[in-house]
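The structure under discussion appears below in the form of structure tokens.
Letters A, B, ... are given to chains in the order of the sequence lines, protein chains preceding strands, and every chain is numbered from 1.
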Amino acid sequence: DGGITQSPKYLFRKEGQNVTLSCEQNLNHDAMYWYRQDPGQGLRLIYYSQIVNDFQKGDIAEGYSVSREKKESFPLTVTSAQKNPTAFYLCASSIRFRERKLFFGSGTQLSVL
Amino acid sequence: GQQLNQSPQSMFIQEGEDVSMNCTSSSIFNTWLWYKQDPGEGPVLLIALYKAGELTSNGRLTAQFGITRKDSFLNISASIPSDVGIYFCAGPGAGGTSYGKLTFGQGTILTVHP
């Protein structure tokens with residue numbers, strides 16, 4: 001079955017540590033996205049990629065980094081510069097950028113030790 | 001940037017009741033989307049609306065694209081326990097740095113008591 005796989009489901013970060021969240025899709029979608037979700041708030045866009053080897057900052061990119069070396073993979077690194085990393089992180093993809101229908105993964109809950 | 005305001009923020013209802021929620025925008029949209037998020041999972045698209053005044057159903061769900069193009073409504077009829085979750089509205093950016101990107105409302109949390 002086609003879909004988006006995020007791993008791990010739960011992740012813990014120590015002070016000063018970088019952690020990487022994995023996102024893989026087998027939908028053959030060009031565009032991929034990372035969103036952050038905090039309780040009581042909507043989804044906020046961190047980074048997005050329109051095509052392979054391209055990515056752009058979203059609304060809250062500070063303290064995060066991404067890469068898009070393969071079409072199916074869009075990993076997110078939460079760096080030590082992100083001072084409030086505890087959140088639910090969602091990866092999504094769409095057939096192409098500006099396509100309104102996004103398909104989401106099941107999310108990664110990141111917590112700080 | 002543009003904002004989407006959803007109301008109510010939360011709802012506690014009895015099984016079998018109907019549910020209504022809405023979303024308003026500070027700017028005109030040409031597309032409205034409604035997503036549902038089950039606890040601990042990613043959102044799933046329920047309904048997409050593309051034209052002012054459009055009324056679209058998906059089973060017990062009905063959504064409408066407001067005539068002003070600044071609002072949208074979602075109704076759930078005869079609620080059941082599996083309707084529990086967070087319902088999000090979303091719309092595309094109007095222009096500038098928001099162009100092509102979706103903006104999400106803060107969500108309506110629905111609790112259904114058996």
Side-chain angles (χ1 to χ4, degrees), chain A residues 3-11 21 23-25 27 29-51 54-61 87-111, chain B residues 1-10 21 23-26 29-51 54 56 58 63 65 72 85-110:
Chain A
I4 300 177
T5 302
Q6 289 188 242
S7 63
K9 184 65 176 176
Y10 301 96
L11 187 59
L21 284 61
C23 179
E24 302 277 333
Q25 56 101 354
L27 300 167
H29 286 177
D30 283 335
M32 298 187 74
Y33 313 80
W34 275 105
Y35 286 88
R36 171 177 170 141
Q37 183 177 21
D38 295 282
Q41 298 192 36
L43 280 61
R44 293 183 292 168
L45 184 63
I46 305 172
Y47 267 98
Y48 65 97
S49 168
Q50 298 187 40
I51 56 171
D54 167 82
F55 52 84
Q56 310 288 335
K57 292 181 179 180
D59 300 318
I60 56 165
F88 192 55
Y89 290 87
L90 288 160
C91 179
S93 71
S94 61
I95 293 174
R96 67 191 68 83
F97 186 60
R98 292 195 293 274
E99 167 61 41
R100 309 311 180 195
K101 298 179 181 178
L102 299 188
F103 294 81
F104 285 87
S106 58
T108 293
Q109 175 64 49
L110 175 63
S111 303
Chain B
Q2 62 187 14
Q3 294 180 335
L4 292 183
N5 293 307
Q6 279 188 252
S7 69
Q9 291 188 4
S10 61
M21 60 189 79
C23 192
T24 58
S25 168
S26 57
F29 279 1
N30 54 27
T31 303
W32 281 99
L33 304 159
W34 285 94
Y35 284 85
K36 183 199 176 193
Q37 183 179 29
D38 289 331
E41 298 294 329
V44 174
L45 181 64
L46 298 174
I47 293 177
L49 302 161
Y50 300 102
K51 192 166 59 174
E54 180 181 353
T56 298
N58 179 4
F65 194 140
S72 180
I86 306 176
Y87 292 80
F88 291 101
C89 61
T97 57
S98 296
Y99 182 66
K101 295 178 280 187
L102 280 184
T103 297
F104 285 83
Q106 74 271 38
T108 293
I109 301 172
L110 179 63

Could you look at L102(A) and say if it's the side chain, the backbone, both or neither that has a heavy atom under 4.5 Å from chain B?
both
Could you tell me which of G40(B), C89(B), A90(B) has the largest number of non-hydrogen atom pairs under 4.5 Å with chain A?
G40(B)
Under 4.5 Å to a heavy atom of chain B? For Q6(A) that would be neither
Heavy atoms of F88(A) and E41(B) approach each other most closely as CE2-O, 3.7 Å
So which of S94(A), G107(A), A31(A), G42(A) has the biggest tally of heavy-atom pairs under 4.5 Å with chain B?
G42(A)
Quick one: closest heavy-atom pair of L90(A) and Q37(B), and the distance?
CD1-NE2, 4.0 Å
For side-chain contact (heavy atoms from CB on, under 4.5 Å), just list the numbers for Y35(B) and L43(A), CA-CA rounded to whole Å, side-chain angles, deciding distance to a tenth of an Å, and then say yes or no.
CA-CA 11 Å; Y35(B) 284 85; L43(A) 280 61; over 6 Å; no
Sort F103(A) into side chain, backbone, both or neither according to what part of it lies under 4.5 angstrom from a heavy atom of chain B.
neither
Student check: side-chain heavy atoms of Y33(A) and L102(B) closer than 4.5 Å:
no
Specify which of Q37(A), Q109(A), R44(A) makes the most heavy-atom pairs with chain B at under 4.5 Å.
Q37(A)
